[in-house]
Number of protein chains: 2
Amino acid sequence: METSSVLDLNQLRRSCASCALSELCLPAGIDGDDLRRLDDTIRDKRTLDRGEALFRQGGQFHALYVVRSGSLRTFVEDASGNVQVLGFHLPGELVGVDALANDHHASQAEALERSSVCELPYDRLNLLLGQMPSLQRQLMRVVSREVAAEHQHMVVMGRQPAQERMAIFLRSLSDRYARLQRDGDTLNLSMSRYDIASYLGLAVETVSRLFTRLEEAGILEVSRKAITIRRQDLLEAMCSNSGTRGGNRKGEAL
Amino acid sequence: METSSVLDLNQLRRSCASCALSELCLPAGIDGDDLRRLDDTIRDKRTLDRGEALFRQGGQFHALYVVRSGSLRTFVEDASGNVQVLGFHLPGELVGVDALANDHHASQAEALERSSVCELPYDRLNLLLGQMPSLQRQLMRVVSREVAAEHQHMVVMGRQPAQERMAIFLRSLSDRYARLQRDGDTLNLSMSRYDIASYLGLAVETVSRLFTRLEEAGILEVSRKAITIRRQDLLEAMCSNSGTRGGNRKGEAL
DNA sequence: TCGCGGCCTTGATCGAGATCAATCCGCCGG
DNA sequence: CCGGCGGATTGATCTCGATCAAGGCCGCGA
């Protein structure tokens with residue numbers, strides 16, 4: 001059910017119950033009074049401008065965040081200023097988990113476009129977790145999903161050639177857009193080619209060349225940030241480098 | 001079936017209170033009655049022979065595990081049999097988290113040597129989490145640590161040259177051994193060169209060559225699986241590819 | 001309107017590391 | 001004690017993608 005007027009949007013932002021994302025998000029499987037209590041621990045949404053940091057690497061941890069609208073990138077930066085993009089985060093996705101270990105953010109999160117997030121102050125959240133086993137379980141599930149996704153990304157970084165990385169990246173974005181009830185074939189990349197390159201462990205030039213190559217192959221239509229996937233089937237096929245190449249077949253390790 | 005004398009040994013092994021690892025492990029910061037209750041939910045330790053699977057990819061999830069002794073490797077295998085090693089797990093480390101998302105293991109865990117694990121049946125653990133906020137917090141901390149470690153590994157896989165990968169890997173192992181009150185300079189690699197190569201996203205040959213090169217440089221002493229670190233300082237220096245090379249300096253992304 | 005500064009693309013060249021190939025070594029079983 | 005096998009090493013060559021270099025495109029501000 002679509003509530004149409006923009007007027008409702010502000011209202012929507014406050015209540016998990018009326019949030020279109022609730023089934024993908026922390027409240028999944030939680031309702032009634034429990035949901036109301038979860039709602040109450042969510043602090044006023046923060047709005048971020050493009051490029052604005054949600055939290056900085058090394059900064060004091062005090063809350064987890066769920067993307068509400070827009071998109072974020074997370075990255076780490078080493079002593080000499082080298083940046084590694086860790087991920088892109090769409091609405092419904094949780095960020096900040098890597099900070100619980102020692103109360104300091106191990107990474108930085110920045111808005112890729114004008115975005116809003118729900119802030120979950122950790123002390124309040126903790127209280128609630130103690131009282132709501134279902135929330136506790138759901139949080140673990142969400143975190144587990146994140147870990148599993150990171151494992152997938154290790155496969156990509158480990159031994160996939162550039163083209164496969166690109167294909168897998170685009171499919172992943174496409175799937176996530178589709179879940180958000182958007183068109184999975186029309187991507188509006190909010191991140192730069194540099195971000196994509198860093199995320200995939202490639203050089204910008206390679207990313208650029210791959211976009212052209214995929215366009216020439218009739219798989220994509222590329223116009224700056226606007227990507228249309230013309231042939232999901234071919235893109236899909238491209239994800240598994242079906243050949244022997246790319247190594248480490250079963251049994252080779254051990 | 002256990003004879004009574006072995007039973008005593010098991011009894012000893014059963015108790016978190018008397019476990020040397022407790023401070024690194026789930027029980028950290030938990031004591032008294034709570035600790036006893038945690039103890040009770042830990043099922044009989046499982047012992048694994050070298051190469052034996054603790055759980056298989058796709059298998060039904062029902063418990064988390066903490067390595068008790070020995071070491072494990074986790075990996076995923078794609079449709080065409082390609083293997084990507086995700087990590088090596090030493091005593092005190094938690095495995096199985098990626099299965100909570102959908103009740104099925106997204107990866108496989110195998111013993112690298114004769115090993116034992118503490119099994120935490122998830123339904124019982126859940127019960128306990130509801131009753132012990134401190135355990136709940138500690139579990140999240142441990143999981144967060146794992147996520148942060150994975151982020152570090154993405155940096156490695158993303159843009160580090162082979163030699164840096166190797167150095168970082170060895171330092172990480174050394175640190176983890178040291179925390180276990182073993183000598184951090186004497187590593188006894190339980191994994192094969194293939195495993196290391198897969199984990200680091202390199203070819204076996206490259207790993208082998210790096211070992212020889214590091215030995216020639218006087219940094220390591222290598223004798224098959226037995227590695228001695230002669231110059232921690234040089235190894236440390238090698239971890240940050242201090243030069244400009246390795247790209248993506250600050251500001252380049254975005 | 002123009003010019004400037006990002007980002008992005010395209011082309012040319014280079015090199016780290018993969019792949020191919022040939023031993024070597026340690027271990028286990030007969 | 002020998003033979004074979006799987007893991008590890010070493011060497012030769014090749015290749016993918018990085019790097020270097022040179023514009024092009026777009027948006028924005030003067």
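In the text below, chain A, chain B and the rest are named by the order of the sequence lines, each starting its count at 1. As the structure is a prediction and not an experimental result, all values here were calculated from the model.
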For this session: Specify the separation, in whole Å, of atom CD of B:Gln163 and atom P of C:dA18.
Result: 14 Å
For this session: To the nearest Å, give me how far apart CE (B:Met166) and C1' (C:dG17) are.
Result: 15 Å
For this session: Starting at atom CG of B:Leu210, determine the distance to atom P of D:dG11, rounded to an integer number of angstrom.
Result: 15 Å
Problem set entry | Candidate nucleotides C:dC8, C:dG17, C:dT19, ranked by approach to the side chain of A:Arg159 - the nearest | C:dT19
Exercise. Just to confirm, is there a sub-4.0 Å distance from OP1 or OP2 of D:dA18 to any side-chain nitrogen or oxygen of A:Thr206?
Worked result: yes
Exercise. If you look at every strand shown and take non-hydrogen atoms under 4.0 Å, does B:Ala203 touch a base, only sugar-phosphate, or nothing?
Worked result: base
For this session: Measure from CD on A:Glu215 to C1' on C:dT10 and round the result to the nearest Å.
Result: 14 Å
For this session: Return no unless some side-chain N or O of A:Lys225 is found under 4.0 Å from OP1 or OP2 of D:dC26.
Result: no
For this session: Figure out the CE/C1' separation between B:Met157 and C:dG17, and round it to whole Å.
Result: 15 Å
Exercise. D:dT10 phosphate, OP1 or OP2: any side-chain N/O from B:Thr212 under 4.0 angstrom?
Worked result: yes
Exercise. To the nearest angstrom, how far is B:Arg165 atom CZ from C:dG17 atom C1'?
Worked result: 10 Å
For this session: To the nearest Å, give me how far apart CD (A:Gln160) and P (D:dC16) are.
Result: 15 Å
Problem set entry | Atom pair distance, as rounded to whole Å: CZ in A:Arg213 and C1' in D:dC16 | 10 Å
Exercise. Within the modelled atom types, does a donor on one side and an acceptor on the other bring the side chain of A:Arg209 and the base of D:dT19 under 3.5 Å apart?
Worked result: yes
Problem set entry | Donor-acceptor pair, side chain of A:Ser198 and main chain of A:Val85, under 3.5 angstrom | yes
For this session: Could you tell me whether the side chains of B:Asp185 and B:Gln232 share a donor-acceptor contact shorter than 3.5 Å?
Result: yes
Problem set entry | N/O donor-acceptor pair, side chain B:Glu205 with base C:dC20, under 3.5 angstrom | yes
Seminar exercise, completed: Which of B:Val67, B:Asp195, B:Leu72 passes side chain to side chain contact (heavy atoms under 4.5 Å, CB included) with B:Phe88? It is B:Asp195
Exercise. Any side-chain N or O of A:Arg224 less than 4.0 Å from the OP1 or OP2 oxygen of C:dC8?
Worked result: no
Problem set entry | Candidates B:His89, B:Gln84, B:Gln57, B:Gln108 - the one meeting side chain to side chain donor-acceptor pair (under 3.5 Å) with B:Thr74 | B:His89
Exercise. Counting side-chain heavy atoms from CB outward, which of C:dC8, C:dA18, C:dT10 is closest to B:Leu202?
Worked result: C:dA18
Exercise. Just checking, is any N or O donor in the side chain of B:Thr47 or B:Ser116 under 3.5 Å from an acceptor N or O on the other one?
Worked result: no
